[in-house]
Amino acid sequence: MPALQQKAEIIRSEKLTDDICRFTVQAPDIAADSRPGQFVMVRAAEGMDPLLRRPFSIHQVRDGGLLQILLKVIGKGTQALSKMQVGQHMDILGPLGRGFTYNSKHHHYLVGGGIGIAPLLFLAKQILKKNEPSTINVLLGARAKDEICTLVDDFAGMGLEVKVCTEDGSLGKQGLVTDLMAPLPDENPAMVYTCGPYPMLRAVVGVCRDKNWACQVSLETIMACGLAACLGCAVLRADMNGYVHVCKDGPVFNADDVAWL
Amino acid sequence: MPALQQKAEIIRSEKLTDDICRFTVQAPDIAADSRPGQFVMVRAAEGMDPLLRRPFSIHQVRDGGLLQILLKVIGKGTQALSKMQVGQHMDILGPLGRGFTYNSKHHHYLVGGGIGIAPLLFLAKQILKKNEPSTINVLLGARAKDEICTLVDDFAGMGLEVKVCTEDGSLGKQGLVTDLMAPLPDENPAMVYTCGPYPMLRAVVGVCRDKNWACQVSLETIMACGLAACLGCAVLRADMNGYVHVCKDGPVFNADDVAWL
Amino acid sequence: MAVEQPDMKISIGSLRLKNPVMTASGTFGYGEEYASLVNLNLLGAIIVKGISLLPRKGNPPTRIAETACGMLNAIGLENVGLERFLSEKLPFLQDISTPLIVNILGDTVEDYQQLAKRLNEEEKVAALEVNISCPNVKQGGVAFGTDPHMAHAVTKGVRQHFKRPVIVKLSPNVTDIAEIALAVEEAGADAVSLINTVLGMAIDIDSGKPKLANIFGGLSGPAIKPIALRMVWQVAENVSIPIIGIGGIATPEDAIEFLLAGASAIQVGTTNFINPKATEEIIHGMGTYLREHNIASIRDLIGRARHT
Amino acid sequence: MAVEQPDMKISIGSLRLKNPVMTASGTFGYGEEYASLVNLNLLGAIIVKGISLLPRKGNPPTRIAETACGMLNAIGLENVGLERFLSEKLPFLQDISTPLIVNILGDTVEDYQQLAKRLNEEEKVAALEVNISCPNVKQGGVAFGTDPHMAHAVTKGVRQHFKRPVIVKLSPNVTDIAEIALAVEEAGADAVSLINTVLGMAIDIDSGKPKLANIFGGLSGPAIKPIALRMVWQVAENVSIPIIGIGGIATPEDAIEFLLAGASAIQVGTTNFINPKATEEIIHGMGTYLREHNIASIRDLIGRARHT
Ligand SMILES: Cc1cc2nc3c(=O)[nH]c(=O)nc-3n(C[C@H](O)[C@H](O)[C@H](O)COP(=O)(O)OP(=O)(O)OC[C@H]3O[C@@H](n4cnc5c(N)ncnc54)[C@H](O)[C@@H]3O)c2cc1C
Ligand SMILES: Cc1cc2nc3c(=O)[nH]c(=O)nc-3n(C[C@H](O)[C@H](O)[C@H](O)COP(=O)(O)OP(=O)(O)OC[C@H]3O[C@@H](n4cnc5c(N)ncnc54)[C@H](O)[C@@H]3O)c2cc1C
Ligand SMILES: Cc1cc2nc3c(=O)[nH]c(=O)nc-3n(C[C@H](O)[C@H](O)[C@H](O)COP(=O)(O)O)c2cc1C
Ligand SMILES: Cc1cc2nc3c(=O)[nH]c(=O)nc-3n(C[C@H](O)[C@H](O)[C@H](O)COP(=O)(O)O)c2cc1C
Ligand code: FES
Ligand code: FES
């Protein structure tokens, strides 16, 4: 899966909330090679400010060479991107990194928080190609209802069981996504696939260790190149002796391979 | 006429040619104080690249607090501005500088070249408030027809006599605007008001000296502030001993006050 | 207990300012140019265009060029000279309540001394900012600001003749800015301000010639902010007099970065050209930050990033 | 008579390159990373990430921060070390026709010498680029590149053990870069490359701490182009060996500016991250410029702005 650069036309732009939007772009070459958990680097503006590309998970791949990203406005780069219109072209580099690995031996727990839910939809779809919906549980957490209701529908539409919690209680249980994990039966062998804010990931990894579940985490760092060239995306290894690089060794890691600080 | 800063809504955007457009913005406070030959400084982008505001002549002032600029795409700043849409806001600073001075003693020759025609429409309108159309001659030069045909109509619509030449002969005589000046009768006292590329201005000033006509020129330089603060817009004085500043002492100068190199 | 009205006052030596936001020399004219755009009375201090003993014509055009997130200038220290400054520019500034800081420059230590002596007589001049760093003027060879001994000598000369605070403005075009800062501190400076512009150039590929008639010019604007911030940090590690941070400050966030790095005050330069209201917005935004972070005094920010 | 096929070849000492466009060390990995995006065989030269005798882990994160038209990095010279470079990275590069230049770094003159000695045995290594300027590594105190004597010593050490061209890469964080350039020329360098990154920093105003774990980092990207161009000009005025220009080059126009200022070749750094195809586009665009200006050889551009 060599990385490719493409000026991808925006085919559709959905505004899920005030600050979350979903773009569907025409990027056949990149889409063809993409696997769940991989990401793309997107240029935020034509000028030099902001300078660097921004990383986004591949949210979904659709027939006809379509690729989706789910984008939350954080700062000026995502702000500029969120204003892009259907018909304009996004400068996309990808697919990048190592995605999730999955097989049919496990029960699959997809655990996402906030915008971290983005790569899990693609993952669910791929797992379902060889597995029954009953082998998958989706556990989602968010700050409030509007942040995830569209996504909950998307998972449910695949016939999956989705458990939801929100911090303000506006959808599902009030609480954190780890609260949804605790009461789960100790199905084994199980694989947890998780993506979300760092404190959530750390908590999820803690629960997995308690339950003796294998766990893959998708990590975020600031990135300059996404191509393993700048070495900017370093994360401490589990043995505390040196670093792994999120854009090349990840973004998906076995939870046991990285240090949890 | 103190300078003011205003986020002016774009009310209308006309594409006169591939690379010339006319914007009409709602800027009542700036428009109210504007005089022909003055200019505004416009921010080209929200980010820091390009950084500096760009200077544009006040092309026209219209009832209802409307202000127009005529803009030719040259580089990245004008490129970005040319893409602005009705409903968006232009960050405008003005009115700035010293405009044309005119009175009823003279015969008025308005001599414009290319995008330099921009300030002359406003000037013609103001002169006409106290003078007959017959006291005004408009001489316009351009590379080709499409660059000026709309503007010719605008002048003609005021009942003015307009003589035109183009470098390619596609409208009016083939040649330079000074070719239109040479055969003119030596009406005196006459005042020439001119704006356009530097070589044209120098040639016009030469003809005026021959004919013993007074001449006001509108000069262009690179500008950072437009407010007489940075001292970046220096132009050599006629006595070669020091500099005048285009944004404060100009952009309109008596031709005899600046050096012609 | 929420902070409602954070204390924005800071001191530069004996000079008390209502807030830490100043205008940088050469980017705000003599104040009057911005009077219709900014409420001058709200500013912490106004620093005017550098003044020399005699008027200077400055460099031939082209004097400015735009660069990525920055600009080059080679104004060549054009200014009206001391006497016309006093007779034509000072009267307007007398009526503004904001403290006035005069930026001075000279070819020799004696020039600086004479300027200091005469300006000491003007009560309105609350402090001097000594420009020892301008890279644009070809005369006199090496800039004062690139040599600790020369920097020391100028500072001492001005110190002797000016009784109110003396701020020395440092050049970034040096291997070790802390060394220069130490030299001027030792010579009696009440504060240092930094950075002046970074020496740069640009070439017009159509004409094949440098864009600036002077060939070199001073780089300013957001592009240099990381360099300025690093130098403020380095100087803060080495001197104990107050530091005034300058370089690419465009927003309240930028200003706060400089305070956290060790500056007691900041100056806004190039940004005045792009957003004439920036100084006011920065003062306002810094107040908001203090309230949101429940910090009682802006002085609590100074150097905080170095202590955590 | 129109120029149809302009001559793009240039020389760096005995090294002949098909065009003057190289990739800057640390911004292009070991070449392989960009193989699917750029035709590596089209490049003038490939310069790989800096190699030390032993592997280095580099700095803790956060290692990068974005700034206005630039970025800061404090990678801390993480690299696989000489042996793994030879066994794991070199084989891929052997198959690329483009000359390979290896960037080397060390803590002592002896380190540099050992690297030079071993790399001299590898025919594929067409030249060395000696990094004497990295501002990120805390060890060893002052950087070699800020002192003419130390710069001379390293250059001489490498020169003795490496028979093909030796390029010394200069640090911009000095008062007088021409002085350093002269020192390394005298020590036998075949060329100088400049600039390495400019020391800078950024602060996170929410955490109140420096954004980089290392506090300081190197500023690169379009923001530094005017500084780099000025230094190339200054060095060109003082040395007679070829200069390789580096700093913020993003377009063919940028590259041409550096040649006009006196560079014989250029390197593209940070831009590789933003536009991976930039090197190819720059090669193509330089050719177009020569054709449009009817210039037969790219060598005719070198230093032209200094002679008109
Ligand atoms: C592998 C990966 C996948 C991601 N997937 C998604 C996704 O699917 N949807 C989504 O909305 N966001 C995703 N992110 C986060 C997204 O990249 C950041 O929110 C975005 O870069 C912020 O840019 P900004 O200009 O808006 O913010 P700014 O704060 O202005 O950015 C400043 C700098 O910080 C970097 N930065 C800031 N926050 C982050 C962050 N959390 N991770 C990495 N870099 C950051 C930016 O790249 C930039 O260099 C992902 C990040 C990574 C590393
Ligand atoms: C008083 C005055 C009035 C003007 N009136 C008009 C007008 O009515 N309509 C119009 O289309 N243009 C006008 N111009 C010219 C216009 O300002 C420039 O074309 C524009 O700034 C170019 O910006 P850019 O980013 O597209 O070009 P770039 O080349 O990318 O700009 C680079 C830099 O050069 C400066 N620059 C480039 N060309 C000029 C120029 N000719 N004059 C001043 N600065 C320049 C820019 O400000 C910028 O700093 C006027 C200029 C001045 C000084
Ligand atoms: C056009 C211009 C003129 C300047 N003139 C002076 C001056 O006369 N004296 C001085 O000490 N600094 C002068 N400076 C430097 C600024 O005061 C300031 O130190 C520098 O621009 C960096 O700040 P900035 O990035 O906010 O502009 C000038 C800067 C510019 C852009
Ligand atoms: C992430 C990163 C890593 C770098 N690593 C090295 C290095 O190992 N050795 C070196 O000599 N220069 C290194 N540099 C400096 C670049 O080679 C180049 O000199 C500098 O970035 C300026 O060029 P640019 O503005 O085009 O990026 C590095 C730069 C960056 C951005
Ligand atoms: S982002 Fe550059 S190496 Fe990972
Ligand atoms: S543009 Fe700044 S003084 Fe004229």
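In what follows, chains are A, B, ... by sequence order, proteins preceding strands, each numbered from 1.
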Taking every heavy-atom pair that is under 4.5 Å apart, which of [options] has the most such pairs with chain C?
options: D:Met231, D:Arg230, D:Lys225; answer: D:Arg230
options: D:Leu229, D:Val174, D:Ile205, D:Ile224; answer: D:Ile205
options: D:Gly248, D:Pro226, D:Gly70; answer: D:Pro226

Between D:Leu72 and chain C, which part of the residue has a heavy atom less than 4.5 Å away: side chain, backbone, both or neither?
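It is the side chain, since no backbone atom gets that close.
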
For D:Tyr289, is it the side chain, the backbone, both or neither that has a heavy atom under 4.5 Å from a heavy atom of chain C?
side chain

How many angstroms lie between [atom1] in [X] and [atom2] in [Y], if you round to the nearest 0.5 Å?
X: C:Ile256; Y: D:Asp204; atom1: CD1; atom2: CG; result: 11.5 Å
X: C:Met201; Y: D:Glu257; atom1: CE; atom2: CD; result: 8.0 Å
X: D:Asn173; Y: C:Ile177; atom1: CG; atom2: CD1; result: 11.5 Å
X: C:Thr67; Y: D:Ile227; atom1: OG1; atom2: CD1; result: 9.0 Å
X: C:Trp233; Y: D:Ile203; atom1: CH2; atom2: CD1; result: 5.5 Å

Could you tell me which of C:Val232, C:Asp206, C:Asp176, C:Leu219 has the largest number of non-hydrogen atom pairs under 4.5 Å with chain D?
C:Leu219

Partner chain D: residue of C:Thr146, C:Leu301, C:Ile215 with the largest heavy-atom pair count (under 4.5 Å):
C:Ile215

Say whether, by atom type as modelled, one donor and one acceptor occur between the side chain of D:Thr175 and the main chain of C:Thr175 under 3.5 angstrom.
yes

Per-residue contacts, residues 259-272 of chain D versus chain C, heavy atoms under 4.5 Å:
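Within residues 259-272 of chain D, the residues that come under 4.5 Å of chain C (heavy atoms only) are D:Leu260, D:Ala261.
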
Please report the shortest heavy-atom distance between D:Ala305 and C:Pro210, naming the atom on each side.
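Minimum heavy-atom separation between D:Ala305 and C:Pro210: O-CD, 3.9 Å.
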
Is the number of heavy atoms from other residues, nucleotides or ligands within 6.0 Å of NE2 (C:His293) greater than 12?
yes

